[in-house]
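These figures come from a predicted structure and were not determined experimentally.
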Amino acid sequence: MSLIRRVTVPEGERFQESQINRLGAFDAKALKSATDIVAAVRERGDQAIKEFTKKFDGIDLDELKVPQEQLDSACDKVDPQFLAAIKKAAANIRGFHQRQLTQSWFTTGECGQITGAKVTPLARVGVYVPGGRAQYPSTVLMDVIPAKVAGVPQVIMCAPPTKDGDISPYTLAAAKVAGVDAIYRVGGAQAIAAMAYGTESVPRVDKVVGPGNAYVAAAKKVVSGDVGIDMIAGPSEVLVLADDTSDPELVAIDLMAQAEHDPMASCYLVTTCEELVDEVEEHIEQILTQSTRADITRASLENRGLVVVCADRATAVEAANTIAPEHLEVHMEAPNELLGFIKNAGAIFLGPWTPESVGDYVAGPNHTLPTGGTARFSSPLNVEDFIKRTSIIQYSYAALDADADAITTIANAEGLWSHARAVTLRQERQQAMIESMAGGADGDAAVREGEAR
């Protein structure tokens, strides 16, 4: 019996989205609970947070904020090898995201009108860093550094406390390297609510970013509109495109690397070589005996795994575009030749030497990616998530006069009289001024008459 569910796409047919069996970001139970938690935190602030921390984490907290001296000394509490690794990752992440920076711009039209965009960083951003099954210092780097590159002056962070009521030293060290300004020991939906609305301890932010479980995702949906969010992320996922040139052991370990995140993580193998599938499963069974997260990995592959066997490369790529995965690894021959045909993916990893792990940690591109098929219309977290653009418009009279007919025609078509009159009144004022300059006292009277209208 196969470990992973299989689907075969007959020659001449297409893979159907209904065959994916994909989970959404959250269920109705999570949404109801998150709504209640958000309402409680909004109403009772720190007291509600402490009650939820006791209920969900089993911890009594006196203070939510991590002392500044603890953050400042965080790098001294981890081994030098880890510190060197996150500093290397941080440098690569910073370098990649600096290339995304955009500046304010202005342009002048034929009649002297000026249009443009003013780019302004958000004033305060909140980053959520999950805990639970694992600690994620890499998420700290990925979510904080783009905000700092964008010029956000204050970045705060919330993370669930460990059993001793603290934050992992690895997470704290990453926060220090990334430039976090303040950290709060708050997890779950209550953390999202605290950052969205503010409490006695946690300041209100302009935008909340970062991944989390179904309750965190649901809370982000609840607060969206009152505060900006990056995305509503569902379970993590990977898709491996493979053919008869692929190394089955590498395919196996790359699927497992995703599966070990969460029993709900989704793993897809799309291949043109049916014989490869059995070899991959054999390697998975062998490697599982060595894994420290074997139960989670097996549960993910059995419950959320899918193999799609296709007749040719074109059908395989089309299936990948239909699935629109968070991570897409291309293990096929001449992977770069397929790049132009891949339309939907959060991140693309080309060739056998590029496991998802390099993107998760040190390559530089962001690992906070669209999930659940939202790569059809969404992008990875980036610098632009932390800025806002304000449109700038300045018209001269000549420019207004040149566009007046078009403006009034559209305004009248929409039945908006004052829109049109705002233009024609200015034309009349200008004409009165011209007449005033040409006619002396008679012109002055004309100006006064125009102003009285």
salt_bridge([X], [Y]) N-O dist < 4.0 Å:
X      : Y      : value
Asp36  : Lys32  : yes
Asp206 : Lys388 : no
Lys50  : Asp57  : no

Donor-acceptor pair, side chain of [X] and main chain of [Y], under 3.5 angstrom:
X      : Y      : result
Glu237 : Cys267 : no
Asp46  : Ser201 : yes
Lys148 : Ala178 : no
Arg204 : Ala196 : yes
Asn366 : Pro380 : no
Asp401 : Tyr397 : no

- Flag yes if more than 12 heavy atoms outside Glu17 fall under 6.0 Å of its CD atom; otherwise flag no. no

Measuring only between side-chain heavy atoms, which start at C-beta, is [X] closer than 4.5 Å to [Y]?
X      : Y      : answer
Val41  : Ile49  : yes
Val205 : Val227 : yes
Val330 : Ile342 : yes

- Would you sort out whether Asp254 and Gln258 count as a side-chain hydrogen bond (donor to acceptor under 3.5 Å, both in side chains), showing the intermediate values? CA-CA 7 Å; Asp254 287 359; Gln258 188 62 58; over 6 Å; no

Roughly how far, to the nearest 0.5 Å, is the [atom2] atom of [Y] from the [atom1] atom of [X]?
X      : Y      : atom1 : atom2 : result
Ile232 : Thr374 : CD1   : OG1   : 9.5 Å
Asp403 : Thr409 : CG    : OG1   : 11.5 Å
Gln154 : Asp181 : CD    : CG    : 5.5 Å

- Message: Angle between ring planes, Phe349 versus His327, binned at 30° and 60°: parallel, tilted or perpendicular?
- Response: tilted

- Message: I'd like to know if the side chain of Thr53 pairs up with that of Gln190 as donor and acceptor (distance under 3.5 Å, no hydrogens or angles considered).
- Response: no

- Item | Residues Arg421, Thr424; criterion side-chain hydrogen bond (donor to acceptor under 3.5 Å, both in side chains); working and verdict | CA-CA 5 Å; Arg421 184 59 181 149; Thr424 59; 3.1 Å; yes

